[in-house]
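Below is one structure, written out as structure tokens; comments come after it.
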Amino acid sequence: MTNPLQPVRGTRDLIGEESARHFHVIETARRVTRLYGFSEWQTPIFEDTRVFSRTLGETSDVVTKEMYSFTDRGGDSVTLRPEGTAGVCRALITNGLTQTLPQKVFYAGPMFRYERPQKGRYRQFHQIGVELLGPAAPLADAEVIAAGWHILNELGVADEVTLHINTLGDAASRAAYRAALIAYFSARVDRLSPESRTRLEKNPLRIIDSKDEGDQALISGAPLIHEHLTPEAASFYDGLKTYLTTLGVPFAENPRIVRGLDYYNHTAFEFITSALGAQGTVMAGGRYDGLVEQMGGPRVPGIGWAAGIERLAMLTPPPPAPPSPVAVIPLAAEAEAAALSLLTLLRAEGIGAETGYAGNARKRLERAAKSGAAWAVLVAAEGIKLRRLADGSQEDVDAAALIGRLRA
Ligand code: ATP
Ligand code: MG
């Protein structure tokens, strides 16, 4: 039996310092992505199930085991979004924006996956992400990665993460690589996990992404995409590396980065930390040139990433606490109305202010000091006093001069 006063397994409340870290991550990402010309979109938290099932790939972990799908009261199958890219591409088409490119999108919000909860892995989790839709040149990939790197720097976690990059090539490279993988794994099929045997037929590249230990041993000897790249795909990848170097983004090449979803081509990358155990990928993405077309729109190339806010928040040092509000305290019942107008004035001037609601002046002062407030404004019929809570020193102030004093 579940307890209705416990949050549902894999979900959590965000309160206090955790909430401060969470929103610090979002605000930092919002500020930095604006510097790169991204604007924020918000798409619905649930979509027609086909938005995800047709794009993420029938053999992806997300579609086979992790989706929160249900039939609503009207009989339609809807799914709580497991990731952000499909919804953004759907919105690009729905809103007729495929002819107004590039579109540079930032988003932040909850995602849902039915997974085994553990540290850094939840059923409702949150992502920040960007999508750059339109440009097909490797400079776009480099800039999207640079924006992610910039955010990690601003959050103070850059020292703890390494950028791993790889290429998945173009269609011709993929086809050649696919054949090589099928040959390699078919010769060793008896040692593959049942899940990877299914992948062998439908999408052998997905085997490289398998977390099964037996599969891992085979994967380390598997052929590499680099041996099968067309000249165009190789030159795209070289372009990416050159631009990353020019933009000052350090990276390591890792042929095992293939990403779990079907829609990627060319660039694949992950920012990985060793500080979070098995949940080491904090930010991950790639290029998806065929996705919009596959959804029923025109061909619109795209590149993007998503990052788990919970994982970033765990790595981030606690953000500085915002200043506590000024306490505005009436010294007698007759002064309450004057105190309330002062409260309104301070807030209108952009100065945080609170009054403590009830109780005598001494109690309210104690509470204000406990909350970390630096100043109290004591209001009496005769006038107002400004009190420094650290040492209890007080001075008479003129109402007109008060704002200036508090700002100083
Ligand atoms: P993993 O290999 O850890 O399952 P993934 O490949 O499924 O990750 P993506 O779909 O690329 O992850 O999502 C991007 C990022 O979102 C991940 O790198 C991670 O930081 C975060 N993330 C993914 N799933 C979860 C989850 N269940 N709980 C918390 N964060 C998650
Ligand atoms: Mg996963």
Side-chain angles (χ1 to χ4, degrees), residues 7-12 14 18 21-22 25-26 29 52 55-57 59-68 79-88 106-131 144-145 148-149 151-152 155 157 160-166 168 195 203 205-212 215-216 219 254 256-264 267-288 291 302-316:
V8 170
R9 188 167 143 79
T11 70
R12 38 212 283 288
L14 272 178
E18 276 194 300
R21 285 170 187 268
H22 186 99
V25 170
I26 296 176
F52 307 110
T55 57
L56 304 186
T59 56
S60 69
D61 280 357
V62 171
V63 171
T64 52
K65 343 182 253 218
E66 297 174 0
M67 291 212 302
Y68 274 94
T79 295
L80 301 184
R81 63 180 185 193
E83 57 99 49
T85 305
V88 167
F106 166 74
Y107 63 82
M111 305 291 163
F112 305 84
R113 296 185 193 177
Y114 192 82
E115 300 201 69
R116 191 170 67 78
Q118 50 200 293
K119 186 182 173 203
R121 193 176 291 286
Y122 311 97
R123 289 181 175 177
Q124 176 174 339
F125 63 103
H126 300 77
Q127 285 181 340
I128 48 169
V130 302
E131 314 294 350
V144 159
I145 295 174
W149 174 240
I151 293 167
L152 297 172
L155 289 173
V157 306
E160 303 193 55
V161 299
T162 306
L163 168 61
H164 295 246
I165 64 166
N166 190 23
L168 305 174
E195 214 171 341
N203 186 353
L205 187 64
R206 179 64 50 62
I207 299 176
I208 306 285
D209 212 24
S210 167
K211 288 175 181 121
D212 179 273
D215 289 350
Q216 285 292 334
I219 291 163
N254 179 348
R256 301 293 165 213
I257 301 287
V258 297
R259 309 295 307 125
L261 308 176
D262 265 0
Y263 52 55
Y264 290 108
T267 309
F269 62 94
E270 297 189 3
F271 285 93
I272 302 177
T273 177
S274 51
L276 296 176
Q279 273 58 254
T281 302
V282 294
M283 184 181 275
R287 179 164 276 283
Y288 47 86
L291 179 59
I303 166 86
W305 52 253
I309 298 178
E310 285 80 1
R311 293 185 197 176
L312 285 175
M314 280 192 276
L315 290 179
T316 305

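Order of listing sets the numbers, starting from 1, for every ligand and every atom in it. Since the structure is predicted, the reported quantities are computational estimates derived from the model, not experimental observations.
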- How are the rings of Tyr114 and Tyr68 set relative to one another: parallel (under 30°), tilted (30 to 60°) or perpendicular (over 60°)? perpendicular
- Message: Test of understanding: given a 4.0 Å heavy-atom threshold, classify the contact between Lys211 and ligand 1 as side chain, backbone, both, or neither.
- Response: side chain
- Short question: side chain of Arg113, backbone of Pro82 - any donor-acceptor pair under 3.5 Å? yes
- Query: Which is closest to atom 27 (N) of ligand 1 by heavy-atom distance: Arg123, Glu115, Met283?
  - Reply: Glu115
- Heavy-atom proximity to atom 5 (P) of ligand 1, picking from Glu66, Arg113, Arg311, points to Arg113
- Query: Do any N or O atoms from the side chain of Glu310 and from the backbone of His126 form a donor-acceptor pair under 3.5 angstrom?
  - Reply: yes
- Measure the shortest side-chain to side-chain distance between Ile257 and Phe269 over non-hydrogen atoms and say whether it is less than 4.5 angstrom. no
- Message: Heavy atom to atom 24 (N) of ligand 1, shortest distance: which of Tyr122, Phe125, Phe112 holds it?
- Response: Phe125
- Does the ring of Tyr122 carry Arg12 above it, NZ/CZ under 6.0 angstrom from centre and within 45° of its axis? yes
- Quick one: look at Asp61 and ligand 1, take heavy-atom pairs under 4.0 Å, and tell me if it's side chain, backbone, both or neither. neither
- Of Gln124, Arg121, Gln127, the one whose closest heavy atom lies nearest atom 3 (O) of ligand 1 is Arg121
